[in-house]
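Encoded as structure tokens, the structure appears first; notes follow it.
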Number of protein chains: 2
Amino acid sequence: MGRDEILPGTLHLLILRTLVQRGELHGYEIAKAIERSSEDVLQVEEGSLYPALQRMLVKGWVKAHWGTTTENRRARYYRLTPLGRKQLHIEQAQFERVVNAIARVIHTA
Amino acid sequence: MGRDEILPGTLHLLILRTLVQRGELHGYEIAKAIERSSEDVLQVEEGSLYPALQRMLVKGWVKAHWGTTTENRRARYYRLTPLGRKQLHIEQAQFERVVNAIARVIHTA
DNA sequence: ACTCCATCCATAGATAATCTATGCATAGAT
DNA sequence: ATCTATGCATAGATTATCTATGGATGGAGT
């Protein structure tokens, strides 16, 4: 954890959660949404984001289609699949579990 | 985060914290201490632990010496250096910061 | 017209940290 | 005699990230 960007292994969760909250978004929007809602603590690099979205497409957690933004730009929109929604629940529970476990270790007297 | 062992990037923190709590420990004890104080949620694989301890030695966060356990076994004991104590504060603050940021993203309405 | 910035996508290669699998050794219990 | 827990360590694979790069374009400002 030498960086101050994201905790390795949490990017899928962040993306899934952002999509379930805001519906259909394109990549750039997803990144900005995560950064903003984290109050700019988390930085989502494009070199991390797009490979992550590829992985999620392959796993069937999201589907994508090309469209046009309000600013008249070409963009690829992603939306959650039912499988993605299931995965969100799994990853969120897992995250809480592990973070709580770490907290117990850290705060052990 | 497909595993249920440790959050990547948190092992140094867990080790540093365990050493500051319990003083001088050998590797095997460190692993068991983390597993127990996490109520067996976190699993510390030896293949992760020993390389991590090597990294921490190189960085000067811990010092090691060979000794004998209460069970009469040869073991390598680690203790925190002042630099390690400083690093603990850094990593702990960093961890809280990032986890809180993730929590904000996850719990955004 | 030109320039600049923000928006948008994507990949290659390097880096880092983990896991799996393996090897070695021995104390104590059965 | 054998088994289990204790103890150290490394090689190689895997995974996920970052850095660096490349390309394209809309709109704002000059």
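First the proteins, then the strands, lettered A, B, ... as listed; each starts at 1.
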Using Watson-Crick or G-U wobble geometry with both distances below 3.5 Å, tell me the partner of C:dC2, or none.
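Across all strands, the one nucleotide that pairs with C:dC2 is D:dG29.
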Classify A:R73 by what it touches in the nucleic acid, base, sugar-phosphate, or nothing, heavy-atom distance under 4.0 Å.
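A:R73: base contact, heavy atoms under 4.0 Å.
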Answer with base, sugar-phosphate or nothing: what part of the nucleic acid does B:G27 contact at a heavy-atom distance below 4.0 Å?
sugar-phosphate
Check whether any side-chain N or O of A:E35 sits under 3.5 Å from a backbone N or O of A:V44 as a donor-acceptor pair, and report yes or no.
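Confirmed, A:E35 side chain pairs with A:V44 backbone.
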Which nucleotide, C:dT11, D:dC8, D:dT19, lies nearest any side-chain atom of A:E45?
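Ranking C:dT11, D:dC8, D:dT19 by closest atom to the A:E45 side chain puts D:dT19 first.
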Consider the side chain of B:P8, meaning its heavy atoms from C-beta on, and name the nucleotide among D:dG7, C:dC9, C:dT18 that approaches it most closely.
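That would be C:dT18.
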Using atom [atom1] of [X] as one end and atom [atom2] of [N] as the other, report the distance to the nearest whole Å.
| X | N | atom1 | atom2 | result |
| --- | --- | --- | --- | --- |
| A:H26 | C:dA6 | NE2 | P | 16 Å |
| A:Q54 | C:dA12 | CD | C1' | 14 Å |
| A:Y50 | D:dT19 | OH | P | 17 Å |
| A:Y28 | D:dG26 | OH | P | 16 Å |
| B:I6 | C:dA16 | CD1 | C1' | 13 Å |
| A:Y77 | C:dT7 | OH | P | 13 Å |
| B:L57 | D:dT10 | CG | P | 11 Å |
| A:L49 | D:dA16 | CG | P | 15 Å |

Hey, does the side-chain of A:E46 have a donor or acceptor N/O within less than 3.5 Å of a partner on the base of C:dC8?
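In this structure, the two groups form no donor-acceptor pair.
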When you compare the side chains of B:R79 and B:H65, does any donor N or O come within less than 3.5 Å of an acceptor on the partner?
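On atom types as modelled, these side chains do not qualify, holding no pair under 3.5 Å.
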Please compare A:N72 and A:A52 by the position of their nearest nucleotide in DNA chain D and report the one closer to 5'.
A:A52
5'-most contact on DNA chain D: B:A75 or B:P51, nearest heavy atom basis?
B:A75
For residues 81-88 of chain A, which side-chain N or O atoms pair as donor and acceptor with protein atoms under 3.5 Å away, sequence neighbours left out?
from	atom 1	to	atom 2	distance (Å)
A:T81	OG1	A:G60	O	2.6
A:T81	OG1	A:W61	O	3.1
A:T81	OG1	A:L83	N	3.4
A:T81	OG1	A:G84	N	3.0
A:Q87	NE2	A:E91	OE2	2.9

Check the phosphate of [N] against [X], side-chain N and O only, distance under 4.0 Å to OP1 or OP2. Yes or no?
| X | N | value |
| --- | --- | --- |
| B:R76 | D:dT6 | no |
| A:S48 | D:dA16 | no |
| A:R74 | D:dG23 | no |
| A:T69 | C:dT7 | no |

Validation row: A:T68, A:R74 side chains within 4.5 angstrom (heavy atoms)
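Answer no - side chains too far apart.
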Under the side chain to side chain contact (heavy atoms under 4.5 Å, CB included) test against A:L53, which residue among A:V58, A:L11, A:I30 passes?
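So the option named by the test is A:I30.
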